[in-house]
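Have a look at the structure below, then the notes.
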Amino acid sequence: MIGRLNHVAIAVPDLAAAADQYRLSLGATVGAPQDEPNHGVTVIFIELPNTKIELLYPLGENSPIQGFLNKNPSGGIHHICYEVENILEARDHLKSTGARVLGTGEPKIGAHGKPVLFLHPKDFNGTLIELEQS
Ligand code: CO
């Protein structure tokens, strides 16, 4: 059911420093910061030949990223995103296998303008999984 790895998301304590590090030290193509108020984050996408890296920084009050950074002050891998062809079919299948979908269970529009859902990390080996309709 799952397709390509769309991105790996890394929560960072300093967005500009992380962007500079990817641009200057790692020589990557780094995008501009985008505010995603519906998700409580500012994101920067880094294009790699086979996938993307999503740098995440808290935006606004009650950002889910702030709690993560409080526990991981130097940052860390926050989630991985897999592509699916049909997000509602994928959700219904996952629920039928006992996986928990976070939030209302209805897809939200993600940073790429496509519907996304998140799956409970306790159901997936401690890894927060984002599904994005391709
Ligand atoms: Co993501």
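Indexing begins at 1, ligand by ligand and atom by atom, following the structure's order.
- A side-chain N or O of His7 and one of Glu130 form a donor-acceptor pair less than 3.5 Å apart.
- At the Co ion (ligand 1), the vertex angle linking NE2 of His7 with NE2 of His79 is 110° (nearest 10 degrees).
- The name of the N, O or S atom in Glu130 nearest to the Co ion (ligand 1) is OE1.
- Separating the OG1 atom in Thr127 from the CG atom in Leu119 is a distance of 11.0 Å, to the nearest 0.5 Å.
- Backbone or side-chain N, O or S atoms of Glu54 reach the Co ion (ligand 1) at under 2.8 Å.
- Taking the charged nitrogens against the carboxylate oxygens, Asp20 and Arg23 do have a contact shorter than 4.0 Å, which makes a salt bridge.
- A donor atom on one side chain and an acceptor atom on the other are not found under 3.5 Å apart for Glu54 and His78.
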